[in-house]
Student: 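Take a look at this one; I'll ask things after.
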2 protein chains.
Amino acid sequence: MGTIYDLAKKTGFSITTVSKALNNYKDVNEKTRAKILKAAAEMDYLPNAHAQSLSTKKSWAIGVMFSEANEVGMKHPFFNGIIESFRHATEEQGYDLMFASRNLRNRDMSYLEHFKHRAVDGIVVICSDRMDEQVQELMQSDIPIVVVDMDSADCSVVYSDNIAGARLAVNHLYELGHRKIAHIAGDRTIDAGATRIKGYELAMQALDLPIEPGYLINAGFFSVEEGKQAMEKLLQLEAPPTAVFVAGDQMAIGAIEAVHEHGLRVPEDISIIGYDDIDMIKYITPKLTTIRQDTDEIGEAAAELLIEQMTAKERLTERRVIPVKLIERLSCAPVKK
Amino acid sequence: MGTIYDLAKKTGFSITTVSKALNNYKDVNEKTRAKILKAAAEMDYLPNAHAQSLSTKKSWAIGVMFSEANEVGMKHPFFNGIIESFRHATEEQGYDLMFASRNLRNRDMSYLEHFKHRAVDGIVVICSDRMDEQVQELMQSDIPIVVVDMDSADCSVVYSDNIAGARLAVNHLYELGHRKIAHIAGDRTIDAGATRIKGYELAMQALDLPIEPGYLINAGFFSVEEGKQAMEKLLQLEAPPTAVFVAGDQMAIGAIEAVHEHGLRVPEDISIIGYDDIDMIKYITPKLTTIRQDTDEIGEAAAELLIEQMTAKERLTERRVIPVKLIERLSCAPVKK
DNA sequence: CAAGTTACCGAAAGCGCTTTCGGGAAGAGG
DNA sequence: CCTCTTCCCGAAAGCGCTTTCGGTAACTTG
């Protein structure tokens, strides 16, 4: 490939001039620029990114940190959707994504350390346990950062309007005539879990509906299995709910399984509404009614906030709340008389 | 954070000695190493990766290229599983993953160019159209590379045993009494599509079963929608099959939808077996019988082959074929008499 | 005690690029 | 014809690190 020095030798100009020609400085004659560009193409010259970063202090790389809370890594469809759209948006601006580990050669180090080592221009953290020390450390640092699916006053954040989403869900069930509405919740240590609980409580209150004992049930970390277990407990109640708002689609799938195993039907015997609108729920039986989170929009917003910070070179703490939408499918029906 | 120079000044040693202490050279006294390490910890010193790469010619980064054939990007569960396990395996060795775009600032460039620019140590390409020029270019290059889900004599590859997988599927249906077995196939330009077709043909032949006209149907690029359309064509045949081997789970989901929409039942009226064993198929109705690809194993094998090449510093062209497994669920049943 | 090892440390060059700053040539103005 | 701009170009320093090679001090050995 050759270096800029080879290019200089080949064209007869100095490396300074070559560098300037390549970087569109204005103090280089159009003809010499043309010559240099031509020569560069001929010898397949490509600038070395490390050398560039070293001298410009800009790496054009964005570090991404996934929460590994429930070991899902990049497998979770919701986060995948976000990261995919985030990637598209940042790519357009010339940034590459770097997935760093906590492991530098044999030494282990924190994510922050690793990102500093790599000298990334910015960091995106996708969905996280707000108590995670690693995340806290990142938010505390002075590297531009945007956090997704979690609120914080310390840095730019973007997340879905979970309060509105919960209200949408509860109201939908209410309009179908349901009054005994339970909530299978995500853990409160997760922002999404906590705010959906809050939204549920507010919505119930606004409708003057009491929350029966046992109706608000923690199902942990959004897995199918946990959703199933939670539903089973609900079904064992003296007066089981006629409708359940579930804080995540995967949990909702588990809930439906539990209902079926009890010989009951969804939605005839019990209505279920999920949250997220992941792809697969269109294909389960019954097709799941849910609250759609706009992953494209979230990813783009995150990219926007981060790029803004990186170019402004100053710490911003903007908060972007992305609207959600009720998607009606077949898992909710009017309450049985 | 400071540089190695600051560390030198602080400890009173030369930067040479500091560097050596940090890199475990043996010609530095244990006591001075201890001092230096202590000072490094105190001032939160972290080596700059760009500077290191520049002088060592090693970046500890692996470039990953996703096929974007059907625009799924990182959303496809099968590839996600692979990349996730690949990540774990390479992470342990100290490598980070870099998702590069084809876009360098405003100039657009090929993946190969981008990876050269970034000076990655190796490349992994996940699943691809074998005709893709970009992929060809990568395989032709002299950067260590491993290709997943596709065969080639030009570089190291790892893929599932699709021939055996297809045979497993067809034999399973045969044993249930089916003789009219169709195949909803992936496109032949995709390696996985082509070899599963091959496997289907071989298996049918071995069982002395003819492939009726129309029974081998191309459903393109593995989407739900294409699978559905293919199934509809199958159902319109004079003598529709009693069982269908579908080359991918998503297509199988579509196929099931089509069957249901025709007022028929799976597996009572028609048996369906998929391929992949993605998570969601455990939750659809009926739970899908399928051929499981071991994504963990594939990812690890890919990591192993790549790391081997990177450390050996020579081009290897090993081929690793990962075994598959029949997972029996509820979408296949004995043929109706 | 002289000569030969061994252990430890540092000067300096180099990795490939950017950017400041100064200088020469050509053109403009009086 | 002389001075002042403007336009191009290049020398050199610097980004933060690694590694070769040589040198000094301390330690053996006979």
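Order of the sequence lines fixes the chain letters, A, B, ..., with proteins taken first and strands second; residue numbering starts at 1 for each chain. A quick note: this is a predicted structure, and the numbers were derived from the prediction, not measured.
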Student: Can you tell if the side chain of A:Phe79 reaches within under 4.5 Å of the side chain of A:Val148, non-hydrogen atoms only?
Tutor: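 SC-SC contact between A:Phe79 and A:Val148 ruled out.
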
Student: Taking only nitrogen or oxygen atoms into account, show me every contact under 3.5 Å that the protein makes with nucleotides 25-27 of chain D, one pair per line with its distance.
Tutor:
none

Student: Hey, could you give me the CG/CD1 distance between B:Leu22 and B:Ile4, rounded to the nearest 0.5 Å?
Tutor: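 If we round to the nearest 0.5 Å, B:Leu22:CG and B:Ile4:CD1 are 6.0 Å apart.
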
Student: In whole angstroms, how far is the C1' atom of D:dG23 from the CG atom of B:Asp27?
Tutor: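 Taking CG of B:Asp27 and C1' of D:dG23, I get 13 Å after rounding.
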
Student: So, do B:Tyr45 and B:Asp6 sit near enough that their side-chain heavy atoms are less than 4.5 Å apart?
Tutor: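 They are not in side-chain contact.
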
Student: Would you say that B:Val18 contacts B:Thr11 through its side chain, given a criterion of any heavy-atom pair below 4.5 Å between the two side chains?
Tutor: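 They are in contact (side-chain heavy atoms under 4.5 Å apart), so the answer is yes.
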
Student: Could you tell me the boundaries of the chain B footprint on DNA chain C, defined by atoms under 4.0 Å from its heavy atoms?
Tutor: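 Using the under 4.0 Å cut-off, the span is C:dC8 to C:dG16.
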
Student: Any side-chain heavy-atom pair from B:Val146 and B:Val158 closer than 4.5 angstrom?
Tutor: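 Counting from C-beta outward, B:Val146 and B:Val158 do come under 4.5 Å.
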
Student: So which one's nearest nucleotide on DNA chain C is more toward 5', A:Lys20 or A:Ile15?
Tutor: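 Checking each residue's closest nucleotide, the 5'-ward one belongs to A:Ile15.
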
Student: Nearest 0.5 Å, please: how far is OH in B:Tyr25 from OG in B:Ser19?
Tutor: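 Taking OG in B:Ser19 and OH in B:Tyr25, the distance rounds to 6.5 Å.
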
Student: Considering every strand and a 4.0 Å limit on heavy-atom distances, what is the contact class for A:Asn48: base, sugar-phosphate, or nothing?
Tutor: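 The residue A:Asn48 makes sugar-phosphate contact but no base contact.
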
Student: Base, sugar-phosphate, or nothing: which does B:Thr56 touch, judged by heavy atoms less than 4.0 Å apart?
Tutor: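 It contacts sugar-phosphate atoms only.
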
Student: So, is A:Ser14 near the phosphate of D:dG10, with a side-chain N or O under 4.0 Å from OP1 or OP2?
Tutor: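 For A:Ser14, the contact criterion (side-chain N or O under 4.0 Å from OP1 or OP2 of D:dG10) is met.
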
Student: State whether the number of non-hydrogen atoms from other residues, nucleotides or ligands found under 6.0 Å of A:Glu42 atom CD is greater than 12.
Tutor: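 Counting other residues, nucleotides and ligands, CD of A:Glu42 exceeds 12 neighbours.
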
Student: Kindly indicate whether the side chain of B:Pro144, heavy atoms from C-beta on, has any atom under 4.5 Å from the side chain of B:Leu306.
Tutor: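 Side chain of B:Pro144 against side chain of B:Leu306, heavy atoms only: contact under 4.5 Å found.
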
Student: Mind checking whether A:Ile143 and A:Ile145 have side chains closer than 4.5 Å, heavy atoms only?
Tutor: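 Result no, sub-4.5 Å side-chain heavy-atom pair not found.
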
Student: Report which part of the nucleic acid A:Ser53 touches: base, sugar-phosphate, or nothing (heavy-atom distance under 4.0 Å, all strands).
Tutor: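 Here A:Ser53 touches no strand at all.
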
Student: Report yes if some heavy atom in the side chain of A:Val125 is under 4.5 Å from a heavy atom in the side chain of A:Asp132; otherwise report no.
Tutor: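 No, too far: nothing below the 4.5 Å cut-off.
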
Student: To the nearest 10 degrees, how far apart in direction are the end axes of the helix from C:dC1-D:dG30 to C:dG30-D:dC1, each fit to five base pairs?
Tutor: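 Both end axes considered, the difference amounts to 40°.
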
Student: So what does A:Ser19 touch, heavy atoms closer than 4.0 Å: a base, only the sugar-phosphate, or nothing?
Tutor: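 Base contact - A:Ser19 has a heavy atom under 4.0 Å of at least one base atom.
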
Student: Compare all side-chain heavy atoms of A:Gln293 with those of A:Ile322 and state whether any distance is below 4.5 angstrom.
Tutor: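 They are not in contact (no side-chain heavy atoms under 4.5 Å apart), so the answer is no.
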
